[in-house]
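Okay, structure first, notes after.
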Amino acid sequence: MKRIARDDSQMLLYCYPALLKLRWRDGEPLDAKAYLIAGVQ
């Protein structure tokens, strides 16, 4: 998380992993996807 000052207020930026999806075929890795949750408060 990172806090950023903007004007007279502060914003909080956050980003964290939600899910990691791996694909395999015949014992060999094909690809991977990472899903992130991010936002601003």
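Taking Arg25 as the reference, nothing meets the salt bridge (charged side-chain N to carboxylate O under 4.0 Å, His left out) condition, with sequence neighbours excluded.
Taken together through direct or relayed side-chain contacts under 4.5 Å among Ile, Leu, Val, Met, Phe, Trp and Tyr, Trp24 and Leu20 form part of one hydrophobic cluster. Using a 4.5 Å cut-off between side-chain heavy atoms of Ile, Leu, Val, Met, Phe, Trp and Tyr, with links allowed through other members, Leu12 and Ile37 fall into the same hydrophobic cluster.
When all heavy atoms of Leu36 and Pro17 are compared, the pair lying nearest together is CD2-CA, 3.8 Å.
Taken to the nearest 0.5 Å, the NZ atom of Lys33 stands 11.5 Å off from the CG atom of Leu22.
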